[in-house]
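What follows is a short report on a single structure.
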Amino acid sequence: MGYLIVKKVDLAPTIKKFEIQAPLIAKKGKPGQFVILRIDEKGERIPLALMDTSPEKGTITIAALEAGKTTKKLNSLKEGDYIANVAGPLGKPAEIAYYGKVACVGGGVGIACIYPEVKAFKKAGNYVVSILGARNKDALILKKEIAEFSDEIYVATYDGSEGFHGFVHLLLKKLIEEGKHFDLVLAVGSIPMMKSVAETTRPYKIKTIASLNPIMIDGTGMCGCCRVEVGGETKFACVDGPEFDAHLVDFDLLMTRNRRYIEEERIALEEYKKVCGCKEGC
Amino acid sequence: MAKIREKKVPMPEQSAEERIKNVKEVPLGYTPEMAIEEAKRCLQCKPREGKEFPPCVEGCPVNVPIPQFILAIREGRFDDAIKIIKERNSLPATTGRVCPWENHCEKACTLGKRQGYEPVAIGWLERFAADYERAKGFAIPPKPQPNGKKVAIIGSGPAGLTAAADLAKKGYDVTVFEALHEAGGVLVYGIPEFRLPKEIVKAEIEYVKSLGVKILTDVVIGKTITVDELLEEFDAIFIATGAGLPNFMNIPGENLNGIYSANEFLTRLNLMRAYEFPKYDTPIKVGERVAVIGGGNVAMDCARWARRLGKEVYIVYRRTGAEMPARKEEIERAKEEGVHFMFLTAPTRYIGDEKGWVKQMECIKFELGEPDASGRRRPVPIKGSEFIMDIDTVIVAIGQSPNPLVPQTTPKLKTTKWGTIEVDEELRTSVERIWAGGGIVRGDSTIILAMGDGRKAALSIDKYLSGQDRSWKFKAEG
């Protein structure tokens, strides 16, 4: 058996949202935490941020961007299907408090990760400015949902099809230069994106938090696969994080470490394409 | 009476050349004839004066009635043999493979103390009895009358499973919580397939479940459910979360690609079956020249795995072979399989290539000085002896620390400065109704010592919950 997929929603052509029955996790999950799931008996364990929880319904919500075999396979699952294993909530919750003015910057599927924090920061009385980045307007997700809990919302697309034309950190920079003041910046997205946001806020000494996404296996501090360097110290992102002071994170190391299995990921995807059965051949 | 043979009846095994090409077990097990022949060597010792058990049983952390089960084997009563073992040991196919008998029962064996004699092959006989039963399908023991009391066990490794089985046999309603997707703890993520086939662990766990034990996987206690919540629902809790936090040396370059903790390396291969990638999704990347840092059993397991992946392997250890904590048998097997040993050597830093992968390691040589706290001679670095070695994979196997998840999320549990949970002689913690044992109490442990703790905790829990002894030495303040 496993964990029932109650609802599946297409957020973008390659990003799907799943509502999964997991009552214990639903009761405990907090913004900033993640789950580890394994699709089937031969599957790998991958971490995915908790996007939402409903203790009443006993469900959790996650969003996955198709990148490799596992996320493609996950996104091919339908309502009524089961996921073999879901464990969590893992990692430390985000430090939600009143900071004043908070910028929540999300890139790509990272927008799904900032969604619960936008909500929580708003609830904690902050003035929340959400800044969303995507490749183009079709790849932009959750704008409406995030707008609901944001005092201001901005969009950046690489191709200029919506909002600011260019990278999301450049939009943030523009806003700061125009005189917007932030007490805290949260950045979740690709590693280059989070690094760029950190470099953008560093000269202004704005406290900046990034949620790191290293490769993990158990997610309970047992294997050390997810080690990252923060302020020159080795940390296990699964138990010490996943959120860290972005100004202290060694993003280059994280990038290098996340490329460890790039060749194997390609092989797994090639093999999967032969059997996945979808019309696009993945 | 026929003369007793001096040596153990040898156990057939795969040759070194053969076995490094597969992941099958090395020793192949006794035939019934071999087992009977070996059982004849047992002297059937009685307890010494003032002792409860014969020497071998005294030496066993779970007190398996050794002479009795060996007698049953000798008389061809194999069903009786396993029944006798299982009175005390619920995981006999496991201990019959990976228990360090030479430190326990076989060390105490009277025959082994005679000049020129080897001890009785107690471990191999235990394995024979367990394998015999598994092959024909194990007998499900009669269910005891439920006593209505509920016990939660955190962790499904050797300590947790042993306590679970012992308590279930006494009529307790036992639930085991496991963080991973598969039960077994170190038996499934740590011990290699070629030492302990996963099918065997599965069968042992099926047996424990057949006693009525419920095992819930994917539950991370401290996160999914807190210990305080368990206290509300259960009458007693046994924390057996193990020593699953890998130690690193904190030397430059340790986070380069290609450097694994032993736990990561073993988990990928054992639990996630990375050796079958891409049939299984989890990959592992191992270069051509592998350095395993450390001299314990875990280091041997990593080295022998790497040999089976076809790599050149070096064990790098800062003391000499005499001080190595690994079992002699494991060291011998590693040697036979072509693992190279570099003694009195340790890495000082790792050097990476332009893509961030380790390509070299700088080592320093040591000499042995005065004995340290462990009684072993302390290795002292030799100034100026640094040298560079080409290496493209490193496995750091220098021990583990207790897993901090439960202590961190349960602040009222007293811990030591090493992060282990403090317990009294009956494994009671500072919080009433909570016991702890195995790696979380001992730091680095062995399977049989963890099982011994499981047994001890079960006895103490039973004494407490049945009302025989409600005292609590470590009452928490306030």
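Here is the naming used below: chain letters follow the sequence lines, and residue numbers restart at 1 for every chain.
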Please classify the contact between [X] and chain A as side chain, backbone, both or neither, with a heavy-atom cut-off of under 4.5 Å.
| X | value |
| --- | --- |
| B/Glu254 | backbone |
| B/Thr267 | side chain |
| B/Phe265 | neither |
| B/Glu229 | side chain |
| B/Lys279 | both |

Just wondering, are more than 12 heavy atoms of other shown residues or ligands nearer than 6.0 Å to [atom1] in [X]?
| X | atom1 | answer |
| --- | --- | --- |
| A/Lys123 | NZ | no |
| A/Lys16 | NZ | yes |
| A/Glu95 | CD | no |
| A/Lys27 | NZ | no |
| B/Arg289 | CZ | yes |

Which heavy-atom pair separates [X] from [Y] by the least distance, and what is that distance?
| X | Y | result |
| --- | --- | --- |
| A/Ile267 | B/Phe277 | CG2-CE2, 4.2 Å |
| B/Ile259 | A/Arg227 | O-NH2, 2.9 Å |
| A/Met222 | B/Leu180 | CE-CD1, 4.2 Å |
| A/Glu44 | B/Asp281 | N-CB, 3.5 Å |
| A/Cys223 | B/Ser261 | O-OG, 2.6 Å |
| A/Tyr3 | B/Thr217 | OH-O, 4.3 Å |

Best-contacting candidate, [options], against chain A by heavy atom pairs under 4.5 angstrom:
| options | result |
| --- | --- |
| B/Asn403, B/Ile284, B/Leu266, B/Asn250 | B/Ile284 |
| B/Thr226, B/Asn257, B/Leu256 | B/Asn257 |
| B/Gly242, B/Pro246, B/Ala243, B/Gly356 | B/Pro246 |

Part of [X] within contact of chain B (heavy atom distance under 4.5 Å):
| X | result |
| --- | --- |
| A/Thr70 | side chain |
| A/Ile215 | side chain |
| A/Ala22 | neither |

Is any side-chain heavy atom of [X] less than 4.5 Å from a side-chain heavy atom of [Y]?
| X | Y | value |
| --- | --- | --- |
| B/Met272 | A/Ile217 | yes |
| B/Asp218 | A/Val86 | no |
| A/Glu270 | B/Pro278 | no |

Item to complete: First locate atom NE2 of B/His181, then atom CG of A/Leu37, and finally report the distance between them rounded to the nearest 0.5 Å.
Response: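 The NE2 atom of B/His181 sits 12.0 Å away from the CG atom of A/Leu37.
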
Fill in: NZ-NZ distance between A/Lys30 and B/Lys223, expressed to the nearest 0.5 angstrom
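One finds 9.5 Å between NZ of A/Lys30 and NZ of B/Lys223.
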
Fill in: Salt bridge flag under 4.0 Å for residues B/Glu182 and A/Arg38
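No salt bridge links B/Glu182 with A/Arg38.
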
Discussion item. Walk me through whether B/Leu245 and A/Phe236 qualify under side chain to side chain contact (heavy atoms under 4.5 Å, CB included).
Written reply: CA-CA 10 Å; B/Leu245 185 79; A/Phe236 288 5; 4.1 Å; yes

Option that, when pairs with chain B are counted at under 4.5 Å, heavy atom only, ranks first among [options]:
| options | result |
| --- | --- |
| A/Lys69, A/Arg45, A/Glu271, A/Glu229 | A/Arg45 |
| A/Asp252, A/Thr220, A/Ile39 | A/Thr220 |
| A/Ala87, A/Gly29, A/Gly68 | A/Ala87 |

Item to complete: Given side chain to side chain contact (heavy atoms under 4.5 Å, CB included), test A/Glu41 with B/Tyr280 step by step and report yes or no.
Response: CA-CA 8 Å; A/Glu41 286 310 302; B/Tyr280 283 76; 5.9 Å; no

Practice prompt. May I ask you to decide if A/Gly88's main-chain N or O and B/Thr224's side chain share a donor-acceptor pair within less than 3.5 Å?
Written response: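 Checked: pair present.
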
Worksheet item: Would you find a donor on one side and an acceptor on the other, under 3.5 Å apart, between the side chain of B/Arg273 and the backbone of A/Lys42?
Response: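 Looks like no, no N/O pair under 3.5 Å.
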
Worksheet item: Going by atom types only, do B/Asn255 and A/Thr234 share a side-chain donor-acceptor pair under 3.5 Å?
Response: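 Yes, a side-chain donor-acceptor pair sits under 3.5 Å.
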
Practice prompt. Give the intermediate values and the outcome of side chain to side chain contact (heavy atoms under 4.5 Å, CB included) for residues A/Glu264 and B/Lys285.
Written response: CA-CA 8 Å; A/Glu264 288 74 10; B/Lys285 210 175 190 118; 3.1 Å; yes

